[in-house]
**Q** 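One structure follows; several queries about it will come next.
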Amino acid sequence: MDDDAHEVDICRVCRAEGTHDKPLYHPCICTGSIKFIHQECLVQWLKHSKKEYCELCNHRFAFKPIYAPDMPNRLPVKDFVGGLVTNILRALKYWLHYTLVALAWLGVVPITAYRIYRCLFAGSVNSLLTLPLDMLSTENLFSDCLRGCFVVACTLCAFISLVWLREQIITNGGPAWLEPNVVDPLPQLNVVNNDPGGAAGDAAAEGGGVGGNVNQPQDIPEEEGNNGANQDAENGAQNGDDDGNWNPVEWERAAEELTWERMLGLDGSLVFLEHVFWVVSLNTSFILVFAFCPFHIGQFTVILLSLEEVFQSSKFEGLLTAVLGYVIIAFSLILCHSVASLCGLRRPKRILGLCYVVVKVSLLMLVEIGLFPLVCGWWLDVCSLSLFGATLKDRLLSVDSAPGTAMFLHWLVGMVYVFYFASFVLLLREVLRPGVLWFLRNLNDPDFHPVQEMIRLPVYRHARRFLLSLVVFGTTVLLMMYLPVRLIKWLFPSFLPYNVQLSSEVPVSELSLEFLLLQVVLPALLEQGHTRQWLKNVMRGWAVAAAFVLNLRSYLLGDVPLDGAENVYGLHLSYRVDQRNAGNGPQVNAAGQNAVQAQPAAGNAVGGGGAALGFQPYIRPRMFAFKILLLVMLMCVSLSFASFVTLTGPVFIGRSVMLLWMGDATVHELYTAACGLYIMWLVCRIGSVLASWIPLGWKGVAMKFFEWFLLGLKCVIVALALIGLVPLLLGLLFELVVVAPLRVPLDQTPLFFPWQDWALGVLHMKIICAVTMMGPNWWLKRALEQVYQDGVRNINVMFVFRHVTLPVVSCLLLAVSFPYVTAAGVVPIFVRSPDTRLFCLRRIYPFLLAMFVLIAGFIFQGRQFRLLYERIRNDKYLVGQKLVNYEHGKRPTKVPTKAMADTE
């Protein structure tokens, strides 16, 4: 029986039996049919997988080195010196090569780009003549390099955007006037809208959110079509002069040959010099085509129209001039495209059309991503001037002093506002009946393609969207900022303005608290999942109340049965984009007495963007239009009231708490608002927990309270150690090692602020934890992972104290106390001079840190020397490796896989 079992032992890879020349090994814990393997098969698998352990049992394979018989016990000095020289020369070669790579990509490319840019925009012929000398100049190398990096980044982004836009046009097709031979596969539907709200809806529909926030169903313009990838390929096959035709096989082969290491020169070859030349040429071409030409065209137009003073007073003369140049280029391309169409020039017509699409998309991106958030940010600032006690004159002075910074800050505020508005709409969709927000774009729709809309829709449609979006967003800002602020000033005159000035009289470092608040406190609040659910419940409660008052529950929530009901209105529209035959058009099913039909724009359908669309039917009550108007008014009042509560509640609570804690000291409103917000969140959280306990009865509530009391006690104990003591020791150690030696002279006494040290220590602890979790596997990482997996509910206090708190606190206490004890207790025994004692006491912390770094460096170099010694010995005397079988209880010797692979 044993002989039969032995005969069936086969290799897990090649499924062959073992022979005398190729025996079978069992190098890991695996048993059964996958226990054995040939050494050659394992080596090939290790080369392919680039791993050193078994993927099934995670046991690391071990190889026993086989050296030549004539290998001495110790490596001769001659062999060691020869191997050392060889490795030094190899390292010197790599160092020179990588230095050349760094100089080429981080020096030559950015400096060349910036100096060419500066030469082109100098506006004189002398700069062109002196360009070769400027390239070789060593003046302002570092500053020119930094500016050149920005120029290179802009040109590379422009190039990548052009390639991506070309792929979008090739894959999804362009506008119909660019490809007139393509027939739209989606026949248009006639609109018969019996909904009284349809007229207002059409107007609001065109106000779809700029930047992809608010969108709507729109009619398909006559000059557009929905062109799929297959249709575009067929069109390209019919038109042999289409410059979009290319062979993907050749591109894939080129991509396989050209890797990042080869392109950047990290593979050791000098082929990257050719790529450096092409990158410099690409930068020059893009600067000339996309910056120089539009700017000078715009400058010529400004001079021709005598608008120099207007552009100079805007503080952004260069940007506005370049944008004006792009607008002139766009009109010129339209004119040239029309002339080429009249003359029947197919290839020039397509090239001009593609150029116009590129310019059009670029300008629309600038408007939607740049201009719209900037306008929203400025409108928010203007409406909130009274909130901060500022005037419009103050804002204009800030723009005059730092126009770039002011514009960036207002753009950033506008982007945050647009983002949260979109998040609010997404949350609102989860509450209301599908179809209520039909005029707002669903950002979760996978078929939402804003770039395709920029390519296909005409400019006037985008302009109409932009203007109506400004009306929608501007009205929202008035309701949520201006009106509540005026109401606060009328009801509580002394409540405003907010204090947003940093005060040096406060004993707490506001900069430290600001970092702590933004990095630790607010993210922890925003990451709470129940906070989102609370907001959702509040929205649903408002919708239920509004529906009850106005008798619009079926319209708003859609949870009313429709069987046998009269005046049922609804729509369910679905169609398939991939249907190509004439008989498979959109399918329209109307429910109720009056059928409602709608025409979705290609790629811009209602709420679906080209996928299946659905509107849940609803019961339409009497006086529907009047009730919708009341609903809109109620919504406006509710938004203003919610904003009023948000602007007053947290700040009032926070000010009251800060008054009890800090007295009459002026505190930044960021901290008062955050404090009040957290107190309100805590009260709501406790209330929701108590409400969930009520059905359990008094005994159940007592048990739950006892469980949560124990959990809270455990959390407090752990928090006092991990969030209190550890950050305090970290901040104090940082103060002693870095801050005090650099900022406090020897003739002055350093002052320590525990609260500030703790706040900075929290940030240091967060950074250390993040680096630890991303670093190698060691005891602290394993302990932190275990604590994270246990969570708050299953927290193990003994494990935390034994494996995290005790080792970390011991190390930090030793690092803080040992230098002080040495300087204050040991040094005075041997040193009599008071100045020397003071010097040792104040400089012992950085001195011990330097010694620790030096010792760690020596240990690291010692390990590297040992590895070098083994490598020289293996290169000269290693003849092979033998796989080691797994033996339970023994720890196998690890041999590098690379040496094993080289030997093979």
Side-chain angles (χ1 to χ4, degrees), residues 1-69 71 256 259 261 772-791 793-796 798-800 802-804 807 863 866-867 870-871 873-875 877-904:
M1 188 68 180
D2 294 337
D3 296 338
D4 297 338
H6 179 72
E7 292 176 359
V8 298
D9 292 339
I10 58 176
C11 176
R12 73 166 74 172
V13 177
C14 65
R15 315 304 295 177
E17 299 180 3
T19 61
H20 180 72
D21 297 333
K22 297 177 61 177
L24 290 174
Y25 297 89
H26 51 94
C28 62
I29 309 176
C30 296
T31 59
S33 60
I34 59 174
K35 177 178 181 181
F36 298 96
I37 192 173
H38 292 119
Q39 179 173 341
E40 294 78 5
C41 298
L42 179 60
V43 170
Q44 293 297 327
W45 180 83
L46 292 177
K47 289 181 180 179
H48 175 73
S49 64
K50 298 180 180 179
K51 296 180 180 179
E52 299 181 0
Y53 56 88
C54 178
E55 291 184 341
L56 300 177
C57 63
N58 294 326
H59 180 76
R60 188 177 296 273
F61 299 111
F63 290 85
K64 180 180 179 181
I66 301 176
Y67 295 100
M71 186 190 74
E256 292 177 357
T259 61
E261 289 79 9
T772 303
M773 297 301 291
M774 293 186 298
N777 191 14
W778 57 306
W779 65 270
L780 184 58
K781 180 179 180 180
R782 291 192 295 269
L784 292 178
E785 289 178 348
Q786 183 64 38
V787 172
Y788 180 78
Q789 291 176 2
D790 292 341
R793 293 181 179 269
N794 300 321
I795 188 170
N796 190 341
M798 294 302 299
F799 178 84
V800 173
R802 183 180 301 173
H803 294 86
V804 179
R863 292 179 179 177
R866 186 173 67 251
L867 293 176
E870 293 179 356
R871 181 174 181 178
R873 184 182 61 183
N874 292 337
D875 290 342
Y877 295 105
L878 186 66
V879 296
Q881 306 239 1
K882 182 180 179 181
L883 188 60
V884 178
N885 290 327
Y886 170 73
E887 296 182 10
H888 180 70
K890 291 187 177 181
R891 192 172 183 179
T893 304
K894 177 185 174 183
V895 177
T897 305
K898 185 178 185 302
M900 176 266 302
D902 295 340
T903 305
E904 293 294 331

**Q** Minimum heavy-atom separation for Gln881 to Gln39, with atom names?
**A**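 Taking every non-hydrogen atom into account, O-NE2, 2.6 Å.
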**Q** So do Leu46 and Phe63 actually touch side chain to side chain, heavy atoms under 4.5 Å?
**A** yes
**Q** Can you name the nearest heavy-atom pair linking His803 to Trp779, along with the distance?
**A**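 That closest heavy-atom pairing would be O-CZ3, 3.4 Å.
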**Q** Can you give me the closest heavy-atom contact between Leu883 and Ala62, atom names plus distance?
**A** CD1-O, 3.4 Å
**Q** Given the rule in the side chain to side chain contact (heavy atoms under 4.5 Å, CB included) test, do His38 and Leu24 qualify, once you have shown the distances and angles that lead to the verdict?
**A** CA-CA 5 Å; His38 292 119; Leu24 290 174; 3.4 Å; yes
**Q** Could you tell me whether the side chain of Phe61 reaches within less than 4.5 Å of the side chain of Val884, counting heavy atoms only?
**A** no
**Q** Show your working on side chain to side chain contact (heavy atoms under 4.5 Å, CB included) between Cys11 and Lys22 and close with a plain yes or no.
**A** CA-CA 10 Å; Cys11 176; Lys22 297 177 61 177; over 6 Å; no
**Q** Can you give me the closest heavy-atom contact between Arg15 and Ile10, atom names plus distance?
**A**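 Minimum heavy-atom separation between Arg15 and Ile10: NH2-CD1, 3.3 Å.
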**Q** Should Asp790 and Gln786 count as side-chain neighbours, where that means a heavy-atom distance under 4.5 Å?
**A** yes
**Q** More than 12 non-hydrogen atoms from neighbouring residues, nucleotides or ligands closer than 6.0 Å to CZ on Arg802, yes or no?
**A** no
**Q** Would you indicate whether the side-chain heavy atoms of Leu867 and Glu870 approach each other to under 4.5 Å?
**A**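 Yes, at least one pair of side-chain atoms sits under 4.5 Å.
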**Q** Any chance you could measure Met71, atom CE, to Leu878, atom CG, to the nearest 0.5 Å?
**A**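 It is 9.5 Å, given to the nearest 0.5 Å.
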